[in-house]
J.: 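Before anything else, here's the structure in question.
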Amino acid sequence: MASLFSGRVLIRNNSDQDELDTEAELSRRLENRLVLLFFGAGTCPRCQAFAPVLRDFFVRLTDEFYVLRAAQLALVYVSQDRTEEQQDLFLRDMPKKWLFLPFEDDLRRELGRQFSVERLPAVVVLTPGGDVLTRDAADEIERLGPACFANWREAADVLERSFLQPEDLDEPAPRSLTEPLRRRRYRVPRAARGARGRGAGGGAEDGAGGLF
């Protein structure tokens, strides 16, 4: 997963704004975790309304005040703000464990195009191996809260198992990557990797400086 940001710098949202600028530091923060890419902007009304929900979601999964052991989860804020001041203001009340790209890094826009982000806010969920579980989990997070994480983790476990053995080839693919595995664990056919093509609907949100 760190390969997505190879050669780039990520910044921790703490008071010192520590920079993760080596492959080792990026790997320590991102490898073996589900990674959320949060596309937002401080001047976007929907983003302003969603941010407290996402903050609570993240804190309840990663803060030892709520859990005995922090979830294997990382979040990278991919700013679509018009100015660095707007970005800084938006991040001011967000968790210190969040990461973000420097404002001057063009990867902020490139990632939006890469993951077909069409509206704000958007939350792209990536497996530890870099596969897309969902291209926009914002609504799911609002509806289900921290319960989303268990579904994503189980789906990631299924998606990233080894390739099918010959005797498994007749098994049907699940209806969705995050469908609960109620009956038994199964392997997902290679075609399930194409499920990453689901995009978010809707147009560009007012308040953001134009999407990508």
J.: Quick check for you: to the nearest 0.5 Å, what is the distance between Arg109 atom CZ and Ser79 atom OG?
T.: 7.5 Å
J.: Using a 4.5 Å cut-off on heavy atoms from C-beta on, say whether the side chain of Val9 contacts that of Leu20.
T.: no
J.: Start with the C-alpha gap between Leu10 and Glu19, add the side-chain angles, then the distance that decides, and say whether side-chain contact (heavy atoms from CB on, under 4.5 Å) holds.
T.: CA-CA 6 Å; Leu10 287 178; Glu19 293 187 355; over 6 Å; no
J.: Side-chain contact test, heavy atoms from C-beta onward, threshold under 4.5 Å: evaluate it for Thr22 versus Leu26 and give yes or no.
T.: no
J.: Atom NZ in Lys96, atom OG in Ser15: separation rounded to 0.5 Å?
T.: 6.0 Å
J.: I need the full list of side-chain hydrogen bond (donor to acceptor under 3.5 Å, both in side chains) pairs touching residues 47-60, with sequence neighbours left out, sorted by first then second residue.
T.: Asp56-Arg60
J.: Do the side chain of Asn13 and the main chain of Met94 share a donor and acceptor less than 3.5 angstrom apart?
T.: yes
J.: Quick check: do Val125 and Val35 have side-chain heavy atoms less than 4.5 Å from each other?
T.: no
J.: Can you list everything that forms a side chain to side chain donor-acceptor pair (under 3.5 Å) with Glu23? Sequence neighbours excluded, please.
T.: Ser6
J.: Taking the side chain as every heavy atom from C-beta outward, state whether Leu101 and Leu111 have any pair of such atoms under 4.5 Å apart.
T.: yes
J.: Report the relative orientation of the aromatic rings in Phe90 and Phe38; use parallel for angles under 30°, tilted for 30 to 60°, perpendicular for over 60°.
T.: tilted
J.: Does Asp131 offer a backbone N or O that forms a donor-acceptor pair with the side chain of Thr127 under 3.5 Å?
T.: yes
J.: Working to the nearest 0.5 angstrom, can you tell me the gap between Asn151 CG and Leu144 CG?
T.: 7.0 Å
J.: Shortest non-hydrogen contact from Leu34 to Ala156?
T.: CD2-CB, 3.9 Å
J.: Tell me every residue that passes side chain to side chain donor-acceptor pair (under 3.5 Å) with Arg153, counting only those two or more places apart in sequence or in another chain.
T.: none
J.: As an exercise, state the distance from CG of Leu36 to CG of Leu133, rounded to the nearest 0.5 Å.
T.: 10.0 Å
J.: Testing the basics here: between Ala138 and Phe50, what is the closest heavy-atom pair and its distance to 0.1 Å?
T.: O-CE1, 3.6 Å
J.: Check whether any side-chain heavy atom of Phe57 sits under 4.5 Å from a side-chain heavy atom of Cys148, and report yes or no.
T.: yes
J.: Just by distance, with hydrogens left out, do Arg82 and Gln87 show a side-chain donor and acceptor under 3.5 Å apart?
T.: no
J.: Is there a side-chain contact (heavy atoms from CB on, under 4.5 Å) between Leu54 and Ile141? Walk through the geometry before answering.
T.: CA-CA 7 Å; Leu54 184 60; Ile141 290 170; 3.9 Å; yes
J.: Considering all heavy atoms of both residues, which atom of Pro52 and which atom of Ala49 are nearest to each other, and what is their separation?
T.: CD-O, 3.4 Å
J.: So how far is it from Leu120 CG to Cys44 SG, rounded to the nearest 0.5 Å?
T.: 5.5 Å
J.: Any side-chain to backbone donor/acceptor pair from Arg92 onto Asp88? Under 3.5 Å, distance only.
T.: no
J.: How close do Val59 and Pro95 get, heavy atom to heavy atom, and via which atoms?
T.: CG2-CG, 3.9 Å
J.: Between the main-chain N or O of Trp98 and the side-chain N or O of Arg12, is there a donor-acceptor pair closer than 3.5 Å?
T.: no
J.: Okay, side chain of Glu142, backbone of Val53: is any donor-acceptor separation there less than 3.5 Å?
T.: no
J.: What I'd like to find out is whether the side chain of Phe5 reaches to under 4.5 Å of the side chain of Asp105, using heavy atoms alone.
T.: no
J.: So does Glu110 get a backbone contact from the side chain of Asp106, meaning a donor-acceptor N/O pair under 3.5 Å?
T.: no
J.: Could you list the residues that satisfy side chain to side chain donor-acceptor pair (under 3.5 Å) with Asp21, not counting sequence neighbours?
T.: none
J.: Taking the six-membered ring of Phe103, is the NZ or CZ of Arg108 close enough (under 6.0 Å from the centre) and on axis enough (within 45°)?
T.: yes
J.: Sequence neighbours left out, what passes side chain to side chain donor-acceptor pair (under 3.5 Å) with Gln17? Give chain and number order.
T.: none
J.: Please determine which of Val123, Leu4, Val117 meets the side-chain contact (heavy atoms from CB on, under 4.5 Å) test together with Leu37.
T.: Leu4
J.: Between side-chain atoms of residues 61-77 and protein atoms elsewhere (two or more places apart, or another chain), which donor-acceptor pairs fall under 3.5 Å?
T.:
{"residue": "Thr62", "atom": "OG1", "partner": "Phe58", "partner atom": "O", "Å": "2.8"}
{"residue": "Asp63", "atom": "OD1", "partner": "Phe65", "partner atom": "N", "Å": "2.8"}
{"residue": "Gln72", "atom": "NE2", "partner": "Asn32", "partner atom": "O", "Å": "3.3"}
{"residue": "Tyr77", "atom": "OH", "partner": "Gly40", "partner atom": "O", "Å": "3.1"}
{"residue": "Tyr77", "atom": "OH", "partner": "Asp81", "partner atom": "OD2", "Å": "2.8"}

